Amino acid sequence: MLAFISKHSSLLLMLAAVFGFLLPNASKALFPYLPFILFFLMLFTLLGIQQQILIKKLAERQIWGYAFFHAAGLSLISCSLAALLGADNTLLLAISAVTATGSLFATPAIVRSIGLDALEAMAMTIATTLLMPTVLYFNLMIFQDGAFSLDMKSYFVRLIIFIAGPMLISALCHRLIPKESLQRIHTKLAQFTILLVFSFPFGLVGEFRKIFDLSLWLGVQYLLMGIALCALFFIAGYIYYHRQGIDQGLVSAITAANRNVLLTFTVASGYLGPEYLALMGAIQFPTFCLPLFVKYLSPRLHKRASRLEIDQ
């Protein structure tokens with residue numbers, strides 16, 4: 001059963017978002033438990049990564065170059081395009097907050113579920129999360145008319161719980177448990193990790209259903225905006241990193257499109273406006289469709305690259 005789930009994880013991830021939308025009460029019931037699930041998801045993923053290697057990866061200039069592009073670069077691109085298309089100031093504020101946001105903490109597990117490099121995704125996720133408050137602050141300075149402040153206490157608490165905590169426990173496990181035993185434990189835990197990943201699309205989509213219940217047309221509009229933003233992030237992320245290789249470009253693309261909008265809402269909820277809440281829900285469905293899209297796209301990109309090499 002677990003082998004079947006792992007094989008079809010990308011499709012099941014998308015279906016989890018669909019069921020979360022169709023069953024909003026069940027989605028809302030799961031929502032409060034997502035932080036607990038996230039902690040174990042990060043821990044199980046980090047158990048398969050040597051902490052020294054992760055820290056070395058975080059020290060690489062290209063990781064921080066990507067993080068700056070993820071937040072500041074995509075803020076500039078997204079807001080410029082939205083302004084040219086006639087978006088008002090409240091929508092620009094919401095878009096700027098989404099684009100300042102770091103990558104989902106679940107991104108490394110999602111990347112691993114489709115056979116890509118979780119180490120690269122973990123380093124990118126940590127770097128973009130650390131950079132988020134600075135870029136968000138500047139974006140709010142530009143688009144927020146009144147006075148504002150960021151809840152840095154909540155931000156650091158989540159940073160400690162969801163990044164520093166799992167990293168510390170993982171480092172202790174690597175130090176205290178023999179390598180062969182830890183590898184066997186991680187192999188077994190990895191089979192269950194994908195089940196934890198499914199809880200996120202299911203638990204995060206339910207709130208978006210409220211907009212459709214109020215107005216079908218308004219819900220469709222926001223969904224289209226969410227799809228457009230995710231598509232822009234994905235394409236821009238791939239183009240930015242594709243010279244490192246197809247797989248690295250796809251990791252960058254997924255990391256760019258996966259946005260930890262809930263963390264941004266926690267840090268600056270009172271200053272983001274109602275448009276942000278709508279976009280926060282709207283990007284969930286396209287975000288969790290991306291792994292299935294990547295599974296379709298990856299072999300075709302590799303085949304095309306092989307043909308080009310043969311032709312040359």
Side-chain angles (χ1 to χ4, degrees), residues 1-13 16 30 32-60 62-63 102-130 156-203 244-245 247-248 250-252 254-255 258 260 263 288 291 294-295 298:
M1 185 64 179
L2 285 173
F4 174 85
I5 290 172
S6 180
K7 182 179 179 181
H8 300 284
S9 59
S10 300
L11 175 61
L12 294 172
L13 201 61
L30 178 63
Y33 298 99
L34 290 182
F36 302 100
I37 296 170
L38 177 59
F39 176 85
F40 288 103
L41 188 63
M42 288 289 283
L43 176 59
F44 294 165
T45 304
L46 280 164
L47 283 176
I49 297 173
Q50 291 278 351
Q51 298 304 293
Q52 297 93 329
I53 298 174
L54 176 59
I55 292 168
K56 284 181 181 178
K57 178 64 71 172
L58 276 168
E60 291 180 6
Q62 68 179 16
I63 291 293
S103 189
L104 267 176
F105 289 153
T107 297
I110 293 171
V111 164
R112 171 168 279 164
S113 74
I114 54 177
L116 296 174
D117 185 6
L119 173 64
E120 192 86 12
M122 183 67 78
M124 289 175 167
T125 298
I126 293 172
T128 56
T129 301
L130 292 174
F156 282 115
V157 166
R158 281 158 177 75
L159 207 64
I160 291 168
I161 292 172
F162 299 120
I163 293 181
M167 283 183 71
L168 177 60
I169 295 171
S170 175
L172 288 172
C173 289
H174 277 278
R175 182 177 289 266
L176 299 175
I177 301 173
K179 186 177 179 181
E180 295 77 13
S181 300
L182 185 61
Q183 192 170 2
R184 283 198 303 271
I185 292 169
H186 179 258
T187 301
K188 291 181 179 180
L189 288 175
Q191 296 175 344
F192 294 95
T193 300
I194 191 62
L195 296 177
L196 299 181
V197 175
F198 294 152
S199 62
F200 284 88
F202 186 86
Q244 305 291 330
D247 287 346
Q248 288 85 346
L250 290 173
V251 170
S252 170
I254 294 172
T255 307
N258 288 2
N260 195 352
L263 178 60
F288 291 108
V294 169
K295 272 203 166 181
S298 179

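For the numbers below, each heavy atom of this structure counts, side chains included, while hydrogens, waters and symmetry mates do not. Remember, it's a predicted structure, so these values are computed and weren't measured experimentally.
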Do [X] and [Y] touch side chain to side chain, with heavy atoms closer than 4.5 Å?
X      : Y      : result
Met42  : Thr45  : no
Thr129 : Phe162 : no
Leu104 : Thr125 : no
Val197 : Ser113 : no

Quiz item: Does any donor atom in the side chain of Ser103 or Asn258 lie under 3.5 Å from an acceptor atom in the other side chain?
Solution: no
Might you point out which heavy atoms bring [X] and [Y] nearest each other, and give the distance in Å?
X      : Y      : result
Leu30  : Ser199 : CD2-O, 3.4 Å
Ala121 : Val111 : CB-CG2, 3.8 Å
Ser170 : Leu43  : N-CD1, 4.1 Å
Leu58  : Ala123 : CD2-O, 3.4 Å

To the closest 0.5 Å, what do you measure between [atom1] ([X]) and [atom2] ([Y])?
X      : Y      : atom1 : atom2 : result
Ile49  : Ile55  : CD1   : CD1   : 11.5 Å
Ile63  : Lys56  : CD1   : NZ    : 15.0 Å
Phe39  : Ile169 : CZ    : CD1   : 3.5 Å
Met122 : Ile53  : CE    : CD1   : 13.0 Å
Leu38  : Leu196 : CG    : CG    : 10.0 Å
Phe202 : Phe288 : CZ    : CZ    : 13.0 Å

Practice problem: Apply side-chain contact (heavy atoms from CB on, under 4.5 Å) to Ile126 and Met167, showing your working. | Solution: CA-CA 11 Å; Ile126 293 172; Met167 283 183 71; 4.0 Å; yes
Quiz item: For Arg112 and Asp117, what are the C-alpha separation, side-chain angles and deciding distance, and is it a side-chain contact (heavy atoms from CB on, under 4.5 Å)?
Solution: CA-CA 6 Å; Arg112 171 168 279 164; Asp117 185 6; over 6 Å; no
Spell out, as yes or no, whether a donor-acceptor pair under 3.5 Å connects the side chain of [X] to the backbone of [Y].
X      : Y      : answer
Ser181 : Ile177 : no
His174 : Leu47  : yes
Thr128 : Met124 : yes

Quiz item: Hey, mind stepping through Leu13 and Phe200 against side-chain contact (heavy atoms from CB on, under 4.5 Å) and telling me if it holds?
Solution: CA-CA 9 Å; Leu13 201 61; Phe200 284 88; over 6 Å; no
Exercise. Applying side-chain contact (heavy atoms from CB on, under 4.5 Å), run through Leu116 and Val294 and close with a yes or a no.
Key: CA-CA 10 Å; Leu116 296 174; Val294 169; 4.3 Å; yes
